[in-house]
Each structure stands twice: as structure tokens, then as C-alpha cells.
Amino acid sequence: LARSHYAMGDMKTPLKIAVVLLVFAQLCNFVFAPLYGTPGLAISSAIAASANALMLSWSLRKRLGAALPGVFPAILRASVASIPTALAALFCAQQLEALGATSLFARITLLLLLPGLVGVAVFLACARALGGREIDQLRTALAARRQRKRGEVEDDPAPQANQDEE
């Protein structure tokens, strides 16, 4: 969304929004970090990122004078799907922390990677249940890219060595 502003020659609006939300994110950190620890920092980041998307979308809509089709429903779906995602990752981290891993590798694996994977799985399931098409669009785009790469490889065979020169 910031790039849309840049494309229209507007460098100031995204910067102003970013500065306001930087202060807002720090205030959220002061509230959520003492209550929830590291997951609290993730919650603050998610709130600030959602606010950034909403403010930039609102600014674009105001500037263009028309609705941006599909942007607000996508933001709403992502925001709604983020709530169970955060709760699932937090619950998973809390349960794994009770295991008391002592080595750094075990702590990173148990307290960062596994809750993150659980969060991703919950987010994808929630987004799908809410009718999100973005995952299907991403999958289609990746498949088309792979197909183009295969086509380029097949169309451009490696040069053959000249065997007549012996």
C-alpha cells in the first residue's frame, strides 16, 4: 500500500503514518510486553501492522475518491484470522515453556519454531474458513512461475559440443 502512494509521487503520507505507528507500537510494547512477555511484543507488532494497512488503505481511498475493491475484506479477514492465530501460538508457547528446555537450541525450537508453525497453520485454516482467496492466488502464481521456468529450461537446451572437430 505504501508503494501505491510512492507510485503517485506521495512520499510523505506513508512516512507520516509510519512515524505515528512507530510511537503507537512502542506504547503497545509497554502495555503488552510486561503482561505477556515475548508474545506481547508480537501482539503489538500485529496491531501496528494492521493499523498501518488500515491507515494506508484509508489514505488511498480518500486520495483516489473510490473504494478499493477487495482490500478492506482482505484486511478484515486477516485481522479476524490473526486473533485465533495469536491465541494458538501463545497457548502452544506456554505449554512448551512448562517443559523447561535448557539448551538454546531446544528453547529456540520449542518456544519459537513450534508455536510459529502452529500459528501459521491456524492462520491458514482460519483464512480459508473465512473465504480467503489469497492463498489460492499465491499457489496459482507460484505454479505458473514454476511452469514458466520449466518452459524456459526446455526451450533453451544447453549448447551441444561440436563433435566434427576431431
Side-chain angles (χ1 to χ4, degrees), residues 1-22 24-26 28-29 32 36 38-93 96 105 108-160:
L1 293 170
R3 290 181 184 186
S4 299
H5 283 83
Y6 301 151
M8 293 186 292
D10 181 8
M11 307 297 173
K12 291 182 182 179
T13 302
L15 179 63
K16 289 176 185 177
I17 290 172
V19 168
V20 168
L21 289 174
L22 178 66
F24 176 72
Q26 294 308 313
C28 286
N29 286 341
F32 292 119
Y36 302 110
T38 304
L41 297 174
I43 292 168
S44 329
S45 295
I47 291 170
S50 296
N52 185 41
L54 287 171
M55 291 176 76
L56 287 170
S57 296
W58 177 78
S59 173
L60 274 177
R61 182 176 184 178
K62 185 174 131 182
R63 186 172 178 144
L64 296 174
L68 301 172
V71 171
F72 290 107
I75 291 171
L76 181 62
R77 277 193 304 273
S79 298
V80 170
S82 295
I83 295 167
T85 299
L87 293 174
L90 178 63
F91 177 77
C92 182
L96 292 171
F105 177 76
I108 288 173
T109 302
L110 289 178
L111 299 178
L112 184 62
L113 295 178
L114 290 177
L117 291 173
V118 167
V120 166
V122 170
F123 181 83
L124 293 175
C126 289
R128 173 68 102 188
L130 293 169
R133 300 175 316 273
E134 293 84 4
I135 303 301
D136 293 333
Q137 291 169 345
L138 177 63
R139 189 179 306 135
T140 301
L142 290 173
R145 183 175 181 180
R146 279 192 302 264
Q147 187 64 30
R148 279 194 309 271
K149 281 189 174 187
R150 285 186 195 137
E152 289 172 7
V153 171
E154 291 172 5
D155 292 343
D156 187 24
Q160 297 289 328

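Nothing fancy with the numbering, it's 1 onward along the sequence. Worth knowing before you read on, the calculation uses all heavy atoms, side chains too, and leaves out hydrogens, waters and symmetry mates.
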Might you point out which heavy atoms bring [X] and [Y] nearest each other, and give the distance in Å?
| X | Y | value |
| --- | --- | --- |
| Ala81 | Cys126 | CB-CB, 3.7 Å |
| Ile47 | Cys28 | CG2-SG, 4.4 Å |
| Ser59 | Thr13 | OG-CG2, 3.3 Å |
| Gly119 | Thr85 | O-CG2, 3.1 Å |
| Met8 | Leu60 | CE-CD2, 3.2 Å |
| Ala2 | Leu56 | N-CD1, 3.9 Å |

**Message:** What's the separation between atom CH2 in Trp58 and atom CE in Met55, rounded to the nearest 0.5 Å?
**Reply:**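 So the CH2 of Trp58 and the CE of Met55 are separated by 8.0 Å.
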**Prompt:** Considering residues at least two apart in sequence or located in another chain, which fulfil the side-chain hydrogen bond (donor to acceptor under 3.5 Å, both in side chains) criterion with Ser44?
**Reply:**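 In terms of side-chain hydrogen bond (donor to acceptor under 3.5 Å, both in side chains), with neighbours along the sequence ignored, Ser44 is linked to Asn29.
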**Prompt:** With no hydrogens and no angle check, is any side-chain donor or acceptor of Ser50 less than 3.5 Å from a backbone partner on Ala46?
**Reply:**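 Yes, the answer is positive, given that a donor and an acceptor are paired below the 3.5 Å cut-off.
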**Prompt:** Are side-chain heavy atoms of Phe91 and Val118 found at a separation under 4.5 Å?
**Reply:**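 Heavy-atom side-chain distance check fails, nothing below 4.5 Å.
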